[in-house]
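In what follows, chains carry the letters A, B, and so on, assigned in the order in which the sequence lines appear, proteins first and then strands, with residues in each chain numbered from 1. Fair warning: this is a prediction, and the values are worked out from it, not measured in the lab.
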Protein chains: 2
Amino acid sequence: MLQQLTTLDEATPGALRPVLQPLPKLTEAGARLLEAAAALFYERGVRAVGVDLIAETAGTTKKTLYDRFGSKDALVALYLLQRAHRWRQHLLTRLAEGDDESRVLGVFDALEAWMGAQRRGCAFVNAYAELGDSEEHPAVPVIRAEKAWMRALFDALTGDIALGAHVHLLYEGTIVVRTAGAGADTATHAREAVRIALAAGGSAPR
Amino acid sequence: MLQQLTTLDEATPGALRPVLQPLPKLTEAGARLLEAAAALFYERGVRAVGVDLIAETAGTTKKTLYDRFGSKDALVALYLLQRAHRWRQHLLTRLAEGDDESRVLGVFDALEAWMGAQRRGCAFVNAYAELGDSEEHPAVPVIRAEKAWMRALFDALTGDIALGAHVHLLYEGTIVVRTAGAGADTATHAREAVRIALAAGGSAPR
DNA sequence: AGGTAACCATACCGGTCTGTATACTCGCAG
DNA sequence: CTGCGAGTATACAGACCGGTATGGTTACCT
């Protein structure tokens with residue numbers, strides 16, 4: 001089952017295939033640049049962070065940045081690609097060692113653990129919001145692929161398309177409300193909502 | 001009931017009170033500026049739009065913009081305030097003339113009608129994503145108030161806090177998935193999810 | 001007639017943006 | 001020992017940013 005999940009991307013349409021491509025190998029300074037960019041992009045937003053700051057934070061120069069990544073847009077896309085990679089690793093690790101009663105609820109546990117230290121919500125939603133109407137930005141397919149992957153995950157975990165869609169809506173809603181909302185009890189309500197959805201879904205969670 | 005909803009803000013904590021303040025009266029050029037800013041902000045994002053462009057689009061000057069609004073930040077906050085105002089008006093109008101079977105589902109119908117022509121998702125979530133770590137931005141309380149208002153609306157419509165939270169998660173998730181997701185069947189799945197939540201909530205929708 | 005608020009037009013400020021260019025050092029493999 | 005990839009350092013281009021300053025022109029109100 002988990003083996004199937006880790007290769008879930010290959011079952012998705014061709015447009016989403018690149019997401020599975022292994023992350024490109026980076027030089028030493030390149031890795032520092034991506035790490036610095038990721039932290040800054042997530043915390044302040046991709047438009048609010050300039051390449052000068054990224055290079056300085058990484059202890060290197062703009063020259064190296066452009067030699068390695070070509071453009072800021074490409075760096076943004078790679079940042080999201082790496083983040084998706086890490087989130088899936090975190091998720092699948094948690095699901096592997098989760099208790100058997102419900103892997104679906106395990107996703108929400110993993111989300112809670114993941115977001116515990118991160119106050120800025122979903123990096124993909126944030127990036128999409130900032131890209132505006134530039135639909136041709138290289139990060140857009142990465143964002144869409146991430147959402148499609150999560151939806152496919154819930155479909156697989158619940159074994160039902162409607163139920164998967166329901167839980168996926170709860171998943172995305174949870175992130176939004178936890179971030180921009182006020183409620184501190186979001187996690188509790190989300191878990192209860194998932195239980196209700198699963199109970200009404202007819203099939204027991206696998 | 002609807003009378004109660006229209007004054008829902010007054011029941012919220014003091015911090016959210018300013019949201020109820022009537023929209024300030026604008027001069028002629030001021031109104032054009034706000035209208036131009038609203039369209040540009042929503043379509044391209046608040047950071048991507050400069051005050052020069054806003055003034056030019058409105059057929060006026062930066063001088064007038066700063067005379068009327070004081071700062072770009074204040075203009076952003078007012079843009080969101082006006083948008084919240086219009087969304088609530090749209091929503092309450094639709095709920096008033098909705099069929100009796102379920103006002104909760106009516107919210108999702110109103111959302112569908114509202115978002116039909118708008119491709120950029122939730123203006124509040126987008127703005128929050130762009131503001132980054134500047135928590136002192138004047139738009140932040142407007143955003144939080146909007147989410148709190150929607151949550152309070154669902155609480156009132158369902159008559160149950162847990163159920164209101166559940167439906168609110170579905171509501172926020174629907175916007176995200178419809179925008180950044182791929183699924184075209186989001187509306188159908190969302191309605192079905194709401195029906196399940198209501199059926200399991202115990203109390204019939206009012 | 002006088003005052004005032006609104007508006008238009010234009011120029012400017014310091015700063016920042018992405019991206020490029022030049023010149024140098026270092027380690028290493030052929 | 002030579003060539004080259006990688007990295008450092010600095011400077012610069014051209015555009016754009018939010019915000020300010022100056023001045024002139026309506027329209028309305030008392």
Can you give me the N/O atom pairs linking the protein to nucleotides 7-13 of chain C at distances under 3.5 Å, or say none if there are none?
residue	atom	partner	partner atom	Å
C:dC7	OP1	B:Thr27	OG1	2.8
C:dC7	OP1	B:Glu28	N	3.0
C:dC7	OP1	B:Ala29	N	2.7
C:dC7	OP2	B:Thr27	OG1	2.7
C:dC7	OP2	B:Arg68	NE	2.8
C:dC8	OP1	B:Arg32	NH2	3.0
C:dC8	OP1	B:Gly59	O	3.4
C:dC8	OP2	B:Thr60	OG1	2.2

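What separates CG of A:Leu34 from P of D:dG7 is a distance of 13 Å, to the nearest Å. If you take OH of B:Tyr66 and C1' of C:dA5, they are 21 Å apart, rounded to a whole angstrom. In this structure, the CZ atom of A:Phe69 is 13 Å from the C1' atom of D:dA6, given to the nearest Å. Between A:Lys72 atom NZ and C:dC17 atom C1' there is a gap of 8 Å when expressed in whole angstrom units. B:Arg47 has its CZ atom 15 Å from the C1' atom of C:dT18, to the nearest Å. With rounding to whole Å, B:Leu65 atom CG is found 14 Å from C:dA6 atom C1'. One can place CG of A:Leu53 at 20 Å from P of D:dC17, the figure rounded to the nearest angstrom. Rounded to an integer number of Å, the gap from CZ of A:Phe41 to C1' of C:dC17 is 13 Å.
Using bins of under 30°, 30° to 60° and over 60° for the plane-to-plane angle, the ring pair A:Tyr171/A:Trp87 lands in the parallel bin.
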For every nucleotide of nucleotides 25-30 of chain C, 5' to 3': is a protein heavy atom under 4.0 Å from its base (B), only from its sugar-phosphate (S), or from neither (-)? ------

What verdict does the salt bridge (charged side-chain N to carboxylate O under 4.0 Å, His left out) test give for A:Glu146 and A:Arg83, after you've listed the backbone C-alpha separation in whole Å, the side-chain angles of each residue and the deciding distance to 0.1 Å? CA-CA 10 Å; A:Glu146 168 62 17; A:Arg83 194 172 176 93; over 6 Å; no

Could you please spell out the steps behind the salt bridge (charged side-chain N to carboxylate O under 4.0 Å, His left out) verdict for A:Lys62 and A:Asp52? CA-CA 6 Å; A:Lys62 278 201 294 182; A:Asp52 294 274; 3.4 Å; yes

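Remark: the backbone N or O of A:Val46 is paired with a side-chain donor or acceptor of A:Glu130 at under 3.5 angstrom.
Listed by first and then second residue, the salt bridge (Lys or Arg N to Asp or Glu O under 4.0 Å) pairs involving residues 27-37 of chain B are B:Glu35-B:Arg86 (not counting sequence neighbours).
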Please tabulate, for the side chains in residues 74-81 of chain A, all donor-acceptor contacts under 3.5 angstrom to protein atoms that are two or more places apart in sequence or on a different chain.
none

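With sequence neighbours left out, B:Phe124 forms a ring-ring contact (aromatic ring centres under 6.0 Å, His included) with no residue at all. A search for salt bridge (Lys or Arg N to Asp or Glu O under 4.0 Å) contacts involving B:Asp67 returns B:Lys63, not counting sequence neighbours.
Ion pairing between a basic and an acidic side chain is recognised when a charged N comes within 4.0 Å of a carboxylate O; B:Arg119 and B:Glu43 show such pairing.
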